[in-house]
Asker: 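Here it is: the structure, laid out below.
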Number of protein chains: 2
Amino acid sequence: MARLKILREFTQGRHKHADCVTTALSVAEACCQQEGQRLTPLRKRVLQLVWNSHAPVKAYQILDVIRHEKSGAAPPTVYRALDFLQEQGLVHKIESLNAYVGCGAPGHVGSGQLLICRDCGEVAEMDDQEVLELLAAKSRDVGFEITSPTIEIKGRCARCRSKHG
Amino acid sequence: MARLKILREFTQGRHKHADCVTTALSVAEACCQQEGQRLTPLRKRVLQLVWNSHAPVKAYQILDVIRHEKSGAAPPTVYRALDFLQEQGLVHKIESLNAYVGCGAPGHVGSGQLLICRDCGEVAEMDDQEVLELLAAKSRDVGFEITSPTIEIKGRCARCRSKHG
DNA sequence: AATGTAATGTTATAATGTAACATTCGTTCT
DNA sequence: AGAACGAATGTTACATTATAACATTACATT
Ligand SMILES: [Zn+2]
Ligand SMILES: [Zn+2]
Ligand SMILES: [Zn+2]
Ligand SMILES: [Zn+2]
């Protein structure tokens, strides 16, 4: 299954989450460096807050935190940072939840396929070429040319399945 | 390609749209009859307004119309009707647009794959088993069990492609 | 008619997101 | 260093989307 890339994994219970955050931030640094984009302190902080959990994070949750740290923080403060991070592929918006998750392997265009666990709330991301190609083929059959697919799948992660049957 | 069902088609330019609406409404009548659900005048009217166009319709656009017809119409009036229609599979919400489209072939669970033309704004819906099975298989590979996929694909419909290259 | 449930009315407010303009910050050029 | 420019952030105001909570009405069954 070579073409199935995992961009963001479900956690297997307890883990050293600080490492997830650290890794995400340094990947982001490198990414922006590479692209000649500025990962300012504000943008970095927002990215850190998005990575605060493996579940989706809402814009106003981020704002609540930022407000305590910077006087004058307002919705545009957060939304602009989120827009930037999305453009860089560092975070994805989950449209069906109006919330955001970090991307573990940025550099690809758009988001892959987001897997959302209904039980624990965690979100994983895979990016499978076969799925995209099949969707493109089926779309072509009806005359449609894909530019950007949004795929958000709700279900149950392995851990939650093993826990409650 | 037997497993590719078309639940809602792109239009080929001009057509007798009144027929689309009439058909949708009688299908809905039959559907609700079948299920023992009540397609009240209000719900029917909302469904009709959703079918007013082949493009997505917003809740507050519907509300604007209903307000002129019924004093006392308020957001819950529309959202409750939309919720009912979604439960019956008569309309789908497009999460990435916060808007609604009618389903041309209700009776299936959830929505199929929505195709959204960036040029003309029209939305088609296909429901392809192969796509769903492949997604399910790939998800299983990472231990994930699908309950409901949300697939919304932006691109260009056949007509728009032939028109502007 | 009485009763119970589903549907709608009504008021208020929550949650999400953006427009528009002012200010500050960083870089580049002289 | 200072000027000049664009990018980033601050600030205010508002637009859009959606729901909570409770009152009333309509409908079906007895
Ligand atoms: Zn972690
Ligand atoms: Zn889970
Ligand atoms: Zn039509
Ligand atoms: Zn089109």
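Because only heavy atoms are used, hydrogens play no part in the values below, and waters and symmetry mates are left out as well, while side chains stay in. By convention in this document, chain letters (A, B, ...) are assigned in the order of the sequence lines, proteins followed by strands, and residues within each chain are numbered from 1. It should be emphasised that the depicted structure is a prediction, and the values quoted were computed from it without experimental measurement.
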Asker: With sequence neighbours left out, what residues match A:F10 under ring pair (Phe, Tyr, Trp, His ring centres under 6.0 Å)?
Answerer: B:F144
Asker: Report for the helix from C:dA1-D:dT30 to C:dT30-D:dA1: angle between first-end and last-end helix axes, five pairs each, rounded to 10 degrees.
Answerer: 30°
Asker: Check the side chains of A:T150 and A:E95 for a donor-acceptor pair under 3.5 angstrom, ignoring hydrogens and angles.
Answerer: no
Asker: Is it true that B:T11 and B:E122 share a donor-acceptor pair across their side chains at a distance under 3.5 Å?
Answerer: yes
Asker: So, using side-chain hydrogen bond (donor to acceptor under 3.5 Å, both in side chains) as the criterion, who are the partners of A:K93 when residues are at least two apart?
Answerer: none
Asker: May I ask you to list the residues of residues 54-78 of chain A, by number, that have any heavy atom positioned under 4.0 Å from an atom of DNA chain D?
Answerer: A:K70, A:S71, A:G72, A:A74, A:P76, A:T77
Asker: Of all heavy-atom pairs between A:P106 and A:L90, which one has the smallest distance, and what is that distance?
Answerer: CG-CD2, 3.6 Å
Asker: Output side-chain donor-acceptor pairs under 3.5 Å for residues 76-89 of chain B, partner residues at least two apart or in another chain, one line each.
Answerer:
from  : atom 1 : to    : atom 2 : distance (Å)
B:T77 : OG1    : B:A74 : N      : 3.0
B:T77 : OG1    : B:A74 : O      : 3.0

Asker: Listed by chain and number, what are the side-chain hydrogen bond (donor to acceptor under 3.5 Å, both in side chains) partners of B:E69, not counting sequence neighbours?
Answerer: B:R45
Asker: I'd like the 5' and 3' limits of the part of DNA chain C contacted by chain A, with heavy-atom contacts below 4.0 Å.
Answerer: C:dT16 to C:dG26
Asker: Do any side-chain nitrogens or oxygens of B:Y79 fall under 4.0 Å of OP1 or OP2 in D:dA18?
Answerer: yes
Asker: Of all the heavy-atom pairs spanning A:L97 and A:P56, show the shortest one and how long it is.
Answerer: CD1-CG, 3.8 Å
Asker: So, for B:L42 and B:K70, which heavy atoms are closest and what is the spacing to 0.1 Å?
Answerer: CD1-CD, 4.4 Å
Asker: For nucleotides 25-30 of chain D, give me one character per nucleotide, 5' to 3': B if any protein heavy atom sits under 4.0 Å from the base, S if the only such contacts are to the sugar-phosphate, - if neither.
Answerer: --S---
Asker: If you look at every heavy atom in A:G102 and A:V50, which pair is closest and at what distance?
Answerer: N-CG1, 3.4 Å
Asker: Restricting to salt bridge (charged side-chain N to carboxylate O under 4.0 Å, His left out), what partner residues turn up for B:R43, sequence neighbours left out?
Answerer: none
Asker: Hey, can you pull the residues of residues 87-95 of chain A with a non-hydrogen atom under 4.0 angstrom from DNA chain D?
Answerer: none
Asker: Which residue pairs pass the salt bridge (charged side-chain N to carboxylate O under 4.0 Å, His left out) test when at least one of the two sits in residues 8-35 of chain B, sequence neighbours left out?
Answerer: B:K16-B:D19, B:E29-B:K44
Asker: For D:dA8, take OP1 and OP2 only and decide whether either is under 4.0 Å from a side-chain N or O of A:R80.
Answerer: no
Asker: Indicate whether OP1 or OP2 belonging to D:dA18 is found under 4.0 Å from a side-chain N or O atom of B:N98.
Answerer: yes
Asker: Among all residues two or more places apart in sequence or in another chain, which pass the salt bridge (charged side-chain N to carboxylate O under 4.0 Å, His left out) test with B:E133?
Answerer: B:R3
Asker: Verify whether one side chain among B:R118 and A:T147 offers a donor that lies under 3.5 Å from an acceptor in the other.
Answerer: yes
Asker: Quick one: pull up SG in A:C120 and CZ in A:R156 and give me the separation to the nearest 0.5 Å.
Answerer: 10.0 Å
